**Q** 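Starting off with a structure, shown below.
Predicted, not measured: the structure shown is a model, and the values here were computed from it. Residues take their numbers from the sequence shown, with the count starting at 1.
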Amino acid sequence: KTNFLGDKKWGSRKVYYRQWRIRSKEFYIDDKKEGKWTSYYDKNKKKSVIYYKDDKRVGVAKWYFPNKELMLIANYKDGKLDGECFHYDSLGKLRRKCSFKDGILEGLEENYFVSGKKFSQTDFTNGEINGKQKLFQEDGAILQSELEYQNGLKNGTLNIFDEKGLLLKSIPFVNDEKQKVKVAPL
């Protein structure tokens, strides 16, 4: 059911699946999304809760798996991602943590194994990898590899480590291109 004031949506609105199961609860002011919007899976299980101001997402938004576990928490400002985001798996374990500024990936991004141990760590500046990207072994403590980036391009040495953390191989990169390694004669 939708309310109108003239030809514009105004007030609360409920949208249903077949068999009159609730699909979403919405609110409009002057044909613009406003306030709390909640959507549901077919069995009346919460799917998302998102807040709007003047048709733009604001504040904390949450999405859920059908088993009711939290899937994602994201922060919005003026309709753009802004602040920390947390991604979870269907068992409720944190799988990714990152930050946005004005809709662009900014700062440290961390990804996690199912065990909860750290899988990767990457620095972002203005949406591009900038700094060291580190990949960890299953224990989350020993490095598998690390590589330096500048403005989204590989610029530095890719270091690859064995399961004990000992250096196996180093490969230099300049402007995203692998460099030949010169070997000095004995």
Side-chain angles (χ1 to χ4, degrees), residues 1-135 149-153:
K1 180 183 176 202
T2 304
N3 298 313
F4 285 89
L5 186 61
D7 61 347
K8 296 183 178 184
K9 294 178 195 160
W10 203 282
S12 63
R13 174 182 181 209
K14 291 183 180 179
V15 179
Y16 295 91
Y17 290 106
R18 292 183 190 187
Q19 296 92 30
W20 293 100
R21 290 190 184 124
I22 190 77
R23 184 175 181 174
S24 63
K25 295 177 184 175
E26 309 166 355
F27 195 82
Y28 291 91
I29 293 179
D30 200 26
D31 219 27
K32 294 179 182 176
K33 295 176 184 177
E34 194 72 35
K36 181 178 178 180
W37 280 47
T38 306
S39 66
Y40 299 88
Y41 290 103
D42 190 27
K43 303 282 186 196
N44 204 29
K45 294 177 185 172
K46 197 180 294 181
K47 187 176 188 177
S48 66
V49 176
I50 303 169
Y51 293 87
Y52 290 90
K53 177 113 177 105
D54 291 325
D55 223 24
K56 295 177 183 175
R57 289 180 180 180
V58 294
V60 177
K62 295 180 181 180
W63 287 264
Y64 300 87
F65 287 101
N67 68 356
K68 299 181 182 178
E69 286 290 341
L70 194 57
M71 178 190 303
L72 171 65
I73 299 174
N75 290 283
Y76 286 88
K77 183 177 177 184
D78 294 324
K80 296 178 182 177
L81 285 166
D82 199 273
E84 290 188 308
C85 287
F86 301 92
H87 298 250
Y88 299 90
D89 65 20
S90 61
L91 299 175
K93 294 188 179 200
L94 181 64
R95 297 305 300 274
R96 179 180 184 225
K97 180 170 55 171
C98 59
S99 294
F100 287 84
K101 181 73 176 155
D102 203 27
I104 298 171
L105 199 54
E106 185 73 34
L108 186 65
E109 176 194 62
E110 295 178 324
N111 291 285
Y112 300 90
F113 288 107
V114 174
S115 66
K117 304 282 184 180
K118 193 182 297 183
F119 166 72
S120 70
Q121 178 179 310
T122 309
D123 286 310
F124 284 85
T125 303
N126 207 21
E128 294 184 334
I129 299 175
N130 207 27
K132 281 198 176 170
Q133 180 184 54
K134 297 178 180 182
L135 302 179
Y149 283 80
Q150 291 176 344
N151 301 318
L153 301 176

**Q** Show your working on side-chain contact (heavy atoms from CB on, under 4.5 Å) between D78 and K53 and close with a plain yes or no.
**A** CA-CA 8 Å; D78 294 324; K53 177 113 177 105; over 6 Å; no
**Q** Between K45 and F65, does the side-chain contact (heavy atoms from CB on, under 4.5 Å) criterion hold? Intermediate values first, please.
**A** CA-CA 9 Å; K45 294 177 185 172; F65 287 101; over 6 Å; no
**Q** Any heavy-atom pair between the side chains of K25 and Y40 that's under 4.5 Å?
**A**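 Of all side-chain heavy-atom pairs linking K25 with Y40, at least one is under 4.5 Å.
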**Q** Is there a side-chain contact between N130 and D123 (heavy atoms, below 4.5 Å)?
**A**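 Result no, sub-4.5 Å side-chain heavy-atom pair not found.
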**Q** Between F86 and L72, is the side-chain contact (heavy atoms from CB on, under 4.5 Å) condition met? List the steps.
**A** CA-CA 6 Å; F86 301 92; L72 171 65; 6.0 Å; no
**Q** Could you state the interatomic distance from CD1 (I50) to CD (E26), rounded to the nearest 0.5 Å?
**A**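 CD of E26 is found 10.5 Å from CD1 of I50.
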**Q** Should Y28 and K33 count as side-chain neighbours, where that means a heavy-atom distance under 4.5 Å?
**A** yes
**Q** Shortest non-hydrogen contact from I104 to G127?
**A**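 Heavy atoms of I104 and G127 come nearest at CG2-N, 3.1 Å.
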**Q** Can you tell me which residue pairs pass the side-chain hydrogen bond (donor to acceptor under 3.5 Å, both in side chains) test with a partner in residues 79-93, sequence neighbours excluded?
**A**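 The answer is H87-R96.
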**Q** Could you report the tightest heavy-atom contact between Y51 and V60, atom names first, then the distance?
**A** CD1-O, 3.5 Å
**Q** Please answer whether the main-chain N or O of R21 pairs with a side-chain N or O of D42 as donor and acceptor at a distance below 3.5 Å.
**A** no
**Q** If every non-hydrogen atom of N151 is compared with every non-hydrogen atom of E128, which pair is closest and at what distance?
**A**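 In terms of heavy atoms, the two residues are closest at O-OE1, 2.9 Å.
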**Q** Measure the CH2-CG distance between W10 and L5 for me, rounded to the nearest 0.5 Å.
**A**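 If we round to the nearest 0.5 Å, W10:CH2 and L5:CG are 6.0 Å apart.
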**Q** Could D30 and K8 be called an ion pair, given the rule that one side-chain N must be under 4.0 Å from one carboxylate O?
**A**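 Yes, D30 and K8 are salt-bridged.
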**Q** Excluding sequence neighbours, so at least two apart, what forms salt bridge (Lys or Arg N to Asp or Glu O under 4.0 Å) with D31?
**A** none
**Q** To check you understand the geometry: which heavy-atom pair defines the closest contact between E34 and W37, and what is its length?
**A** O-NE1, 3.5 Å
**Q** Quick one: closest heavy-atom pair of E106 and N126, and the distance?
**A** OE1-N, 2.6 Å
**Q** Looking only at atom types and distance, does a side-chain atom of Y52 sit under 3.5 Å from a main-chain N or O of K32, one as donor and one as acceptor?
**A** no
**Q** When you look at CZ of R95, are more than 12 heavy atoms from neighbouring residues, nucleotides or ligands closer to it than 6.0 Å?
**A** yes
**Q** Of the non-hydrogen atoms in L81 and A74, which two are nearest, and what is the gap between them?
**A**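 Minimum heavy-atom separation between L81 and A74: CD2-CB, 3.7 Å.
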**Q** Please lay out, stage by stage, how F4 and K9 fare under the test side-chain contact (heavy atoms from CB on, under 4.5 Å).
**A** CA-CA 4 Å; F4 285 89; K9 294 178 195 160; 3.9 Å; yes
**Q** Distance check, rounded to the nearest 0.5 Å: I29 atom CD1 versus D55 atom CG?
**A** 11.5 Å
**Q** Can you run down the side-chain hydrogen bond (donor to acceptor under 3.5 Å, both in side chains) pairs that involve residues 62-77, sequence neighbours left out, and say none if there aren't any?
**A**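 Non-adjacent pairs meeting side-chain hydrogen bond (donor to acceptor under 3.5 Å, both in side chains): R57-Y76.
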**Q** To the closest 0.5 Å, what do you measure between OG (S12) and NZ (K36)?
**A**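 The distance works out to 13.5 Å.
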**Q** What is the distance from atom CG of N111 to atom NZ of K118, rounded to the nearest 0.5 Å?
**A**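 Atom-to-atom, N111:CG and K118:NZ are 10.5 Å apart.
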**Q** Could you measure the distance from the CD atom of E110 to the SG atom of C98? Nearest 0.5 Å is fine.
**A**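 The distance works out to 10.5 Å.
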